[in-house]
Amino acid sequence: MHTKSPAVVVSTILLFAGFTAPSVEADQLAPEFVLKDVAGKAYKLSDLKGKYVVLEWVNFGCPFVQKHYKSGNMPSLQEFAREKKVVWLSVCSSAPGKQGFYEGEALTNEMKQMNCVPTAYLSDPDGTVGRLYGAKATPTMFVIDPNGTIIYGGGIDDIPSTDVDDVAKARNYVKEALELALTGKKVEVSTSKAYGCSVKY
């Protein structure tokens with residue numbers, strides 16, 4: 001990690017979930033789930049077969065997540081996915097009353113503030129889907145191919161920090177996986193260890 005002031009280091013340690021590997025791995029079929037978006041529309045993963053899908057575990061209160069949104073990195077990835085007809089599902093597994101749990105107008109306001117533009121923002125308040133996928137940190141990312149197979153799972157990139165300046169220096173595993181897969185090439189890095197805040201189950 002980069003050198004930071006003592007205050008920043010202490011704050012980061014308190015929030016840092018460590019390097020965590022998801023329990024589902026690349027080359028496995030993505031576990032089935034059904035979750036609802038803010039409007040109550042249900043999204044069933046198997047209904048999305050034939051399309052590439054990105055799953056993003058999100059918590060807007062997490063400094064690591066904020067880094068990727070406030071820098072414009074996550075919104076630009078979501079726009080890139082939209083342009084390529086990739087379905088992007090942001091999943092929040094924060095329990096009610098815990099950091100990152102929003103609903104109704106509060107959620108709408110947070111999404112606007114963060115310029116969050118996924119295909120859908122899905123709520124997983126009991127943590128069932130988060131635990132199914134072994135998501136332990138926000139952000140944890142998965143890329144799923146049209147056959148329903150996971151082709152990437154882990155962190156968004158290779159620099160575990162809350163420093164916005166690191167975004168431009170990092171190797172973005174998610175965008176790289178999408179660009180390679182969409183052009184018929186093999187994904188070079190299919191798994192990594194996620195970093196960020198612990199998922200607030």
Side-chain angles (χ1 to χ4, degrees), residues 15-18 20 22-24 30-31 33-39 41 43 45 48 52-82 86-144 150 152-157 160-162 164 167 170 172-175 177-178 192-201:
L15 292 162
F16 190 60
T20 63
S23 58
V24 292
F33 67 83
V34 180
L35 288 175
K36 292 183 179 180
D37 69 5
V38 294
K41 178 182 176 180
Y43 282 79
L45 184 62
L48 301 174
Y52 282 95
V53 177
V54 173
L55 303 181
E56 168 215 357
W57 260 263
V58 65
N59 165 5
F60 292 136
C62 169
F64 294 89
V65 172
Q66 291 173 2
K67 161 192 169 180
H68 291 289
Y69 274 96
K70 292 182 177 180
S71 66
N73 186 41
M74 198 71 81
S76 69
L77 279 175
Q78 292 167 346
E79 291 285 4
F80 171 79
R82 187 187 303 274
V86 173
V87 176
W88 186 294
L89 303 177
S90 298
V91 181
C92 180
S93 294
S94 293
K98 293 193 176 181
Q99 184 192 63
F101 178 83
Y102 297 97
E103 56 185 352
E105 186 177 353
L107 174 56
T108 301
N109 290 338
E110 283 295 316
M111 291 182 70
K112 286 181 180 177
Q113 184 176 338
M114 294 291 180
N115 295 312
C116 181
V117 287
T119 305
Y121 179 104
L122 307 179
S123 295
D124 176 38
D126 61 7
T128 299
V129 178
R131 291 186 177 93
L132 180 65
Y133 276 77
K136 299 180 182 70
T138 50
T140 293
M141 313 291 297
F142 293 93
V143 180
I144 302 167
I150 295 170
Y152 175 76
I156 187 171
D157 63 28
S161 81
T162 57
V164 170
V167 170
N172 192 310
Y173 294 133
V174 176
K175 187 170 186 182
L178 284 173
S192 72
K193 293 184 178 181
Y195 68 85
C197 306
S198 59
V199 176
K200 309 306 181 189
Y201 291 118

Contacts table for residues 103-118: side-chain donor-acceptor under 3.5 angstrom, sequence neighbours left out:
from	atom 1	to	atom 2	distance (Å)
T108	OG1	G104	O	3.3
N109	ND2	E105	O	3.3

Please check this pair: side chain of [X] against backbone of [Y], looking for a donor-acceptor N/O pair closer than 3.5 Å.
| X | Y | result |
| --- | --- | --- |
| S94 | Q99 | yes |
| R131 | D126 | yes |
| N59 | T138 | no |

Please list, chain by chain and in numerical order, all residues satisfying side chain to side chain donor-acceptor pair (under 3.5 Å) with [X], sequence neighbours excluded.
| X | answer |
| --- | --- |
| D37 | none |
| S71 | none |
| Y121 | none |
| Y43 | none |

Compare every heavy atom of [Y] with every heavy atom of [X], then report the nearest pair and how far apart it is.
| X | Y | result |
| --- | --- | --- |
| P125 | F101 | CB-CE1, 4.0 Å |
| A137 | G196 | CB-N, 4.0 Å |
| V199 | A135 | CG2-O, 3.5 Å |
| A30 | L45 | CB-CD2, 3.7 Å |

Angle between ring planes, Y133 versus W57, binned at 30° and 60°: parallel, tilted or perpendicular?
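The arrangement is tilted - the two ring planes meet at 30° to 60°.
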
Report the residues that fulfil ring-ring contact (aromatic ring centres under 6.0 Å, His included) with Y69, sequence neighbours left out, ordered by chain and then residue number.
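By the ring-ring contact (aromatic ring centres under 6.0 Å, His included) rule, Y69 matches F60.
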
With sequence neighbours excluded, what pairs up with [X] under the side-chain contact (heavy atoms from CB on, under 4.5 Å) test?
| X | answer |
| --- | --- |
| A81 | V86, W88 |
| S76 | N73 |
| A95 | K98 |

Tell me, which pairs form a salt bridge (charged side-chain N to carboxylate O under 4.0 Å, His left out) where one or both residues lie in residues 67-81, sequence neighbours left out?
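Of all non-adjacent pairs touching residues 67-81, those that pass salt bridge (charged side-chain N to carboxylate O under 4.0 Å, His left out) are E79-R82.
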
Could you state the interatomic distance from [atom1] ([X]) to [atom2] ([Y]), rounded to the nearest 0.5 Å?
| X | Y | atom1 | atom2 | result |
| --- | --- | --- | --- | --- |
| S90 | L122 | OG | CG | 7.5 Å |
| L55 | I144 | CG | CD1 | 4.0 Å |
| N172 | M141 | CG | CE | 8.0 Å |
| T128 | L35 | OG1 | CG | 8.5 Å |

A side-chain contact here means heavy atoms from C-beta on lying under 4.5 Å apart; do I156 and L77 qualify?
yes

Pairwise side-chain contact, E56 with M74, heavy-atom cut-off 4.5 Å (strictly under):
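They are in side-chain contact.
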
Hey, does the Lys NZ or Arg CZ of K175 hover above the aromatic six-ring of F80, less than 6.0 Å from the centre and inside 45° of the axis?
yes

Would you sort out whether V174 and V143 count as a side chain to side chain contact (heavy atoms under 4.5 Å, CB included), showing the intermediate values?
CA-CA 7 Å; V174 176; V143 180; 4.2 Å; yes

Decide yes or no on side chain to side chain contact (heavy atoms under 4.5 Å, CB included) for S93 and K200, but give the supporting numbers first.
CA-CA 7 Å; S93 294; K200 309 306 181 189; over 6 Å; no

For a side chain to side chain contact (heavy atoms under 4.5 Å, CB included) check, start with the C-alpha distance between Y173 and Y152, then their side-chain angles and the critical distance, and finish with the verdict.
CA-CA 8 Å; Y173 294 133; Y152 175 76; 3.4 Å; yes

Could you go through the side chain to side chain contact (heavy atoms under 4.5 Å, CB included) check for V53 and L89 one step at a time?
CA-CA 7 Å; V53 177; L89 303 177; 4.2 Å; yes

Distance-only polar pair, side chains of Y195 and D157, donor-acceptor under 3.5 Å
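Side chains of Y195 and D157: pair found under 3.5 Å.
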
